[in-house]
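Not measured: the values here are computed from a predicted model. What you see below is based on every heavy atom in this structure, not just the backbone, and it leaves out hydrogens, waters and symmetry mates. Letters go in sequence order (proteins before strands), and every chain restarts at 1.
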Amino acid sequence: MSDGGGLGARLRTIFDRLTSASAGERLAISVSALVLSIVVGAVLIYTAGLIAECPRPAFAASCYDPLTVYDELFLKSFGNLAADPLNGKAATTLGETTILVFTGLSVAVAFKAGVFNIGTQGQMVIGGLATAVVTYTASQAVSGVVGTLVLLPLGVLTGAVFGGLYAAIPGALKAYADANEVITTIMLNFVATNLALFLVQAEFKDPESFANQTRTLPAYAQFPTVVFPDTADFSLVALALAVTVAVAAAYLLAATAFGYDVRTSGLQPPAAEYGGVDASRTVVAAMTLSGALGGVGGAVYVMMKLGNFQTNVPAYGFDGITVTILAGNNPIGVIAAGLLFGVLKSGSINVSVATDVPPELVGVISGLIVLFVAMPEFFRMIGTRFTASRPGGGEAVATDGGRVESGSDGRRVESGSDSGRVESGSDRGRVESSDNSGMSLGDGSSGDRESDGSDDRETAASQTATASDPPSTAESSGGDPA
Amino acid sequence: MTDDGDEGGDGEVVVDRDEQPTLTTDGGAPATADDEQSATASYVTRWLSDAGIAEYLGVLVVAVFLVVVAVGVVAPSSAPGQFVAILFSKGTLAATLRRTVPIAFAALGGIFAEKSGVINIGLEGLLIISAFGAAAIAQVTGSVWIGLVGGVLASTLLALLFAVACIEFRADQIIAGLAIWLIALGLAPFASVVIYGSKNTPTIDTFDRITIPVLAELPFFGALFDNSPDVYLLFVAVIGSWWVLNRTRFGRWVRASGENPDALDTAGVDVSRVRYAAVSLSGVLAGLGGAALSISLRGFTGNGPTMVNGRGFIAIVAYLFGNYDPVGALLSTMLFTSLTQLQLELQASGVLSIPGPVVRTIPFVTVIVVLALFGKTRIPAAAGDHFESGEE
């Protein structure tokens, strides 16, 4: 395991060098985003406490005490480890972590390929339902230890197949019909929820229950709790599976030909195509793999946590987005981020029990984390405030006041590298849009920049200077440029 | 969807209206009256040879529809007859219009943002926050109109946050948009529980219906003149948005900012400022939609995906399908909402009987099919990219 971690770390640095952001900076951004979200969350809790009504304030005129909330949210999530390391709260936290690692990996694989799979939730629902139905049916034929050995792989495989197939739909639609996958996957989430409800109501409902749920799996068809008490909704086997899959995903992405195709498609689709990568096939394959991981998440949810399928599936798939964004799409990082969100999820139960603060708070905090991680520039700015220069950034003036002052040679060089980055940024899925921009740029001034002949440099530079002059005065004086 | 210049007019920023005849005749000899006929004929043959599966499918759907209507008119008591009766009833149109309001407003907002170069995936979040804001403020103040303003304010503030993240701090627009959605998805129920102890707000007042005399008596189309004020507001907003985008200097800036920000910058206009304005405007418009949603349904419900339930995402598809044209977006939204409304009415009258959960997937499946068939809209060239003044 440690060997795999070391391998992952080494490969991660290789990958990060590719994306021109150091692993350290990435980690710093994630941690800063987390801290900032917690601070904003504390302000939110305090302010909400001013609005809420209570017999007596808990913290400086506010009904809610942020410190108590965070204590319940983070520290109480593991219960009293000294007294009983296998207590129920720790089990809940680790159980949530296990599922979140799968959904986080699901989103990460797709993101790596430059595909925004927002549909992990739906893939998890479909995979979970399929697992519940298939495993229950199969469990009638076998039993005992043999049953467990047969049914667990069968259930996981069923989840993977159905989740994968469900994700292949938006993958194929993107690859062959150019349908934006963000929209189709979100739509398919709604479809999955309703489809699962319909199937459970019409076909697979437990006749002895009023709720919309399938029949409960026998104990031998569920993940064994191992050292934890039988009542725990957690299995070390499932956690071990999650960690193994994460390491395998890291290896797959970093050290195999398929992983190389996926990564290059994500970073530079035109370059990947030029290099002989079949872009369409890579998109479908990455989506299928992503959906399969989401489906396994659903299978684990059914076979570890619930014991059957219930139609109101919690938003693990959406949390998976947050997990992978916090992890910088790094499979090994997903384990850590998954643990953090496992803590938040199980902590939100403690919060709702011990305080009056609505547990929906966790949703707000995870949204804030996504927002802050998405704007690394914000933290870089703060960073440059405190350090004289940033590694690789040239003179401090260029990075600090670069956008305000008029053109210097240093920045023209940056502009070249920047436009390259912009093109890779548009890998959002529309290669032809960058082509279009090339065509519409066919007029005078920008044509100079495109051709980039050495003779044009002087004129282009002077144009740059004049072009950027009015905005710069506007920005410094705050006046209207028009 | 759009009636003027689908091919060239919409995309190009600096297009001259006088150029269009040249464009339609394929850049050949200048069009004369004699050529008109043959041009039409060649257009038809060209269409037949160029038409892809999407076009053929569209024609097929229209043909089936016409046959059903014809049968319905001939035999009013048959199932097609009942279908036609429902299709052309005033009630269906009125309900469709009310259903259209939130989605179409959000779509208008999305058009402004994306035309300016900022893809606003967070429309869903803006709808959620304004739906809650409007319901809460209407409940506190007792006035739906103050509630409406409150909802718009909430949405605009959130849109500004999104704008700052995308424009000032160069966040990835898709991820920042998702964050806006997630934040609103958590914040609205959170605030509702803090204030009301429940994810749902108490029941609030709703808009009074405004009936325009005489016109409201018209068969079928009378529904256009006998509806709640948010429907009228939507019509005003659609026409206003079209006018602003196509006939004003600001509209030209917005389009240039999305198509060719370098040119706009060279012309001395602050691209960031235009984008801030456009994204804020998308907050205002989406806010009107969200506020109208919760006010017309007499309160906010915050369970699961909240009462907004994917409308923001449907709005994105609506404006893509409407080719970034406000009128096109309104029409494509009405296509989605009329399908939903129609099947609800058919269900209620017993013409159709499909289980509820399956029926609820219809709008989402429609969106996917539409996107797959007509997904190749021409997005603004610089949409999704950061822009730094002075070519940094």
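- Only the side chain of Ile325(A) comes within contact range of chain B, with at least one heavy atom under 4.5 Å from a heavy atom of that chain.
- Residue contact with chain A, scored on non-hydrogen atoms closer than 4.5 Å, is absent for Ile362(B).
- Both the backbone and the side chain of Leu368(A) come within contact range of chain B, judged by heavy atoms closer than 4.5 Å.
- For Leu187(B), the parts lying under 4.5 angstrom from a heavy atom of chain A are both the backbone and the side chain.
- Of the two parts of Val194(B), the backbone and the side chain both hold a non-hydrogen atom closer than 4.5 Å to a non-hydrogen atom of chain A.
- Gly186(B) and Glu360(A) get closest at one heavy-atom pair: O-CB, 3.8 Å.
- Note: Phe364(B) and Phe190(A) have parallel aromatic rings, judged against thresholds of 30 and 60 degrees for the angle between ring planes.
- Judged as a ring pair (Phe, Tyr, Trp, His ring centres under 6.0 Å), and not counting sequence neighbours, Tyr64(A) has no contacts.
- Rounding to the nearest 0.5 angstrom, the gap separating the CG atom in Leu188(A) from the CD1 atom in Ile368(B) is 3.5 Å.
- Interface check for chain B: of the options Pro170(A), Gly363(A), Pro358(A), the most heavy-atom pairs under 4.5 Å are formed by Pro358(A).
- Nearest heavy atoms, Met375(A) versus Ala165(B): SD-CB, 3.4 Å.
- Interface remark: Leu173(A) contributes side-chain atoms only to the contact with chain B (heavy atom separation under 4.5 Å).
- Considering only heavy-atom pairs separated by less than 4.5 Å from chain B, the leading option among Asn189(A), Ile183(A), Ile369(A), Thr184(A) is Ile183(A).
- The nearest pair of heavy atoms linking Ala176(B) to Ala374(A) is N-CB, 4.2 Å.
- Sorted by first then second residue, the salt bridge (Lys or Arg N to Asp or Glu O under 4.0 Å) pairs that include residues 184-197 of chain A, not counting sequence neighbours, number zero.
- Of the listed residues (Ile175(B), Leu185(B), Ile316(B)), the one with the most heavy-atom contacts under 4.5 Å to chain A is Ile175(B).
- Between the CZ atom of Phe313(B) and the OG1 atom of Thr185(A) there is a distance of 9.0 Å, given to the nearest 0.5 Å.
- Counting heavy atoms from C-beta on, the side chains of Phe190(B) and Val357(A) come closer than 4.5 Å.
- Taking the side chain as every heavy atom from C-beta outward, Phe169(B) and Phe372(A) never approach each other to under 4.5 Å.
- The line from CG of Leu371(B) to CD of Glu181(A) is 10.0 Å long, rounded to the nearest 0.5 Å.
- Closest non-hydrogen pair, Ala372(B) versus Ala177(A), comes out as O-CB, 3.4 Å.
- Rounded to the nearest 0.5 Å, atoms CG (Leu182(B)) and CG (Leu371(A)) are 10.0 Å apart.
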Inset, instruction - Apply side chain to side chain contact (heavy atoms under 4.5 Å, CB included) to Phe116(A) and Asp172(B), showing your working. - result: CA-CA 12 Å; Phe116(A) 282 95; Asp172(B) 183 293; 4.2 Å; yes
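- Your options are Ile118(A), Asn194(A), Ile321(A), and the one with the most heavy-atom pairs under 4.5 Å with chain B is Asn194(A).
- Note on Leu178(B), Ile180(B), Val271(B): by heavy-atom pairs under 4.5 Å with chain A, the leading option is Leu178(B).
- Residue contact with chain B, scored on non-hydrogen atoms closer than 4.5 Å, involves the side chain of Thr322(A) exclusively.
- Counting heavy atoms from C-beta outward, Gln201(A) and Pro357(B) have side chains that approach closer than 4.5 Å.
- No side-chain heavy atom of Arg170(B) sits under 4.5 Å from any side-chain heavy atom of Phe378(A).
- The greatest number of non-hydrogen atom pairs below 4.5 Å with chain B, out of Leu44(A), Asp356(A), Leu195(A), Val362(A), is found for Leu44(A).
- Note that the CD1 atom of Ile186(A) and the CD1 atom of Ile314(B) stand 11.0 Å from one another [nearest 0.5 Å].
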